[in-house]
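A short write-up of the structure that comes next.
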Amino acid sequence: MDSKPALLSLTPEVIRDKISQHGLPKFAVNQICEWIYKKRATSFDDMTNISKKHRELLAQRFVVGFTPPAMFQTSKDGTIKYLFKTSKDLGIEAVFIPEDDRATLCISSQVGCKFNCSFCLTGKQGFQANLTAAEILNQIYSLPQFDQITNIVFMGMGEPFDNLEEVLSACAVLTSDWGLAWSPRRITVSTVGILDKLPRFLEETQCHLAISLHSPFSEDREKLMPVQKASKIESVLQLLRQHDWRGQRRLSFEYIMFDGINDTPQHLKGLTTMLKGIFCRINLIRYHEIPQLPYKTSTNERMVQFRDTLTDNNIIATIRRSRGQDISAACGMLYFENKT
């Protein structure tokens, strides 16, 4: 793989510093940013309003940072799972989910994951590497359906808050005027709830936040999510209550429903009590069964009961539609065997 640094993900100021060190005029930064971020040029040769001499100099020292998907699979429901290779020749997956009035791209932030949630196949892969901001953005910019994307969710492989610096850099490109200039309301970052990283995310972005909850009870949640030992959900909620969520920015909670584990009347009551007074929504998610793991999904009747009871208690609740399960693209199913 090419070891030259990628310009994709860099701010205009950083690009200006880098090119000036190599004799390029500072005014070229606007041209370069326009080609990379607005026109999605994949090669310096495409940058025709930059002199040939300077294009050659750029190519000698940098890469743009675009790498097309290595392969893809298409689900019977239209979901498409893409495999991207990283600079370390590792593999990560992104999932394109088209719907009638929107198209969501689920992207990864790490190769594997170190948090080892007991129900998640990505966690069973273990942690292998953080993605650079360029590798995060490449999943978006190199997508064949780029022009169709309406929403981005950081819900793929990895824990975004464990790679927060690169995730924030990627979000800056997506939302800045010199980048894609998207509204941050088009972007949702999902986290297991890393307490010491949460304030920075809330301060430096206006992107939506999703918290993986999965149980209102500390002991139950710890069995499902070992992160509960270090970052207790009660402390996370205490911090979130200090933030005003009544504007356009959205707070949501992800709740995968497991038969007989977190779908009892006691859990429903605990969930209703826990979220009382927080302006939020909760996404109830069917567990996508994985042969090597012992969990089963809750019945549809139980999920409807949870949704209706939460709604009756003034908590917006939805049952998320499952997509891409037949190609292992659904929630918790992303996995790629990287041979390191």
Side-chain angles (χ1 to χ4, degrees), residues 104 106-107 109 115 117 133 136 150-156 158-176 179-218 221-222 224-225 227-256 267-285 306-307 310-318 320 331:
T104 300
C106 176
I107 61 173
S109 55
F115 286 82
C117 295
I136 293 171
T150 62
N151 298 84
I152 297 289
V153 293
F154 284 80
M155 296 182 182
E159 164 52 53
F161 277 23
D162 193 45
N163 190 20
L164 187 59
E165 193 72 43
E166 301 301 311
V167 167
L168 290 176
S169 294
C171 289
V173 172
L174 296 173
T175 58
S176 296
L180 269 187
W182 280 4
S183 166
R185 317 300 181 219
R186 297 175 64 176
I187 303 164
T188 300
V189 178
S190 177
T191 174
V192 296
I194 302 178
L195 191 59
D196 61 349
K197 302 293 182 68
L198 189 53
R200 185 179 176 194
F201 174 81
L202 293 175
E203 291 167 7
E204 296 188 19
T205 83
Q206 286 297 313
C207 298
H208 296 318
L209 175 66
I211 302 289
S212 297
L213 181 54
H214 310 319
S215 178
F217 303 130
S218 182
R221 189 172 189 263
E222 187 175 314
L224 293 168
M225 305 173 67
V227 71
Q228 174 69 12
K229 296 177 183 178
S231 288
K232 296 188 180 302
I233 191 62
E234 296 82 1
S235 299
V236 172
L237 287 169
Q238 185 177 3
L239 191 155
L240 293 174
R241 287 182 184 276
Q242 300 171 20
H243 192 81
D244 184 7
W245 297 99
R246 295 187 177 274
Q248 292 183 321
R249 189 180 206 177
R250 185 173 66 236
L251 171 64
S252 59
F253 293 92
E254 311 292 304
Y255 197 91
I256 298 175
H267 286 90
L268 178 54
K269 183 178 180 181
L271 193 58
T272 302
T273 301
M274 171 176 273
L275 299 182
K276 185 176 181 180
I278 303 179
F279 193 77
C280 66
R281 67 178 61 197
I282 184 163
N283 295 313
L284 304 174
I285 303 169
F306 262 61
R307 181 197 63 193
L310 289 164
T311 301
D312 289 343
N313 282 272
N314 298 314
I315 299 170
I316 300 170
T318 58
R320 182 182 292 169
C331 181

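Owing to the predicted nature of the structure, the values given are computational and were not obtained by experimental measurement.
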Gly277 versus Arg241, closest heavy-atom pair with distance: C-NH1, 4.0 Å

Note: Arg281-Glu254 ion pair, threshold 4.0 Å (strictly below): no

Side-chain (Arg221) to main-chain (Ser215) donor-acceptor, under 3.5 angstrom: no

Spacing of CG belonging to Leu202 relative to CH2 belonging to Trp245, to within rounding of 0.5 Å: 5.0 Å

Under 3.5 Å: donor-acceptor pair, side chain of Arg200, backbone of Glu165: no

Asn313 (side chain) donor-acceptor with Ile315 (main chain) under 3.5 angstrom: no

Residue list, ring pair (Phe, Tyr, Trp, His ring centres under 6.0 Å) with His208, at least two apart or on another chain: none

Nearest-0.5 Å distance, CG of residue Leu310 to OH of residue Tyr255: 9.0 Å

Closest non-hydrogen atom pair, Pro199 against Leu239: CG-CD1, 3.8 Å

Neighbour count >12 (heavy atoms, 6.0 Å) for atom CD, Glu234: yes

Short side-chain to backbone donor-acceptor contact, Glu204 and Leu168, under 3.5 Å: no

Step-by-step side-chain contact (heavy atoms from CB on, under 4.5 Å) determination, Val167 to Lys197: CA-CA 12 Å; Val167 167; Lys197 302 293 182 68; over 6 Å; no

Gap between atom CG of Leu284 and atom CD1 of Ile282 - 0.5 Å precision: 5.5 Å

Interatomic distance, Leu209 atom CG to Ile187 atom CD1 [nearest 0.5 angstrom]: 13.0 Å

Criterion side-chain contact (heavy atoms from CB on, under 4.5 Å) on Leu240 and Ile278, from CA distance to verdict: CA-CA 8 Å; Leu240 293 174; Ile278 303 179; 5.6 Å; no

Heavy-atom closest pair, residues Ile256 and His214: N-ND1, 3.0 Å

side-chain contact (heavy atoms from CB on, under 4.5 Å) evaluation trace for Met225 with Phe115: CA-CA 8 Å; Met225 305 173 67; Phe115 286 82; over 6 Å; no

OG-CD1 distance between Ser109 and Ile136, expressed to the nearest 0.5 angstrom: 6.0 Å

Worked verdict on Arg185 versus Thr175 for side-chain hydrogen bond (donor to acceptor under 3.5 Å, both in side chains): CA-CA 10 Å; Arg185 317 300 181 219; Thr175 58; over 6 Å; no

Euclidean distance, Leu268 CG relative to Arg307 CZ, rounded to 0.5 Å: 13.0 Å

side-chain contact (heavy atoms from CB on, under 4.5 Å) assessment of Ser212 paired with Ser190: CA-CA 7 Å; Ser212 297; Ser190 177; 4.0 Å; yes

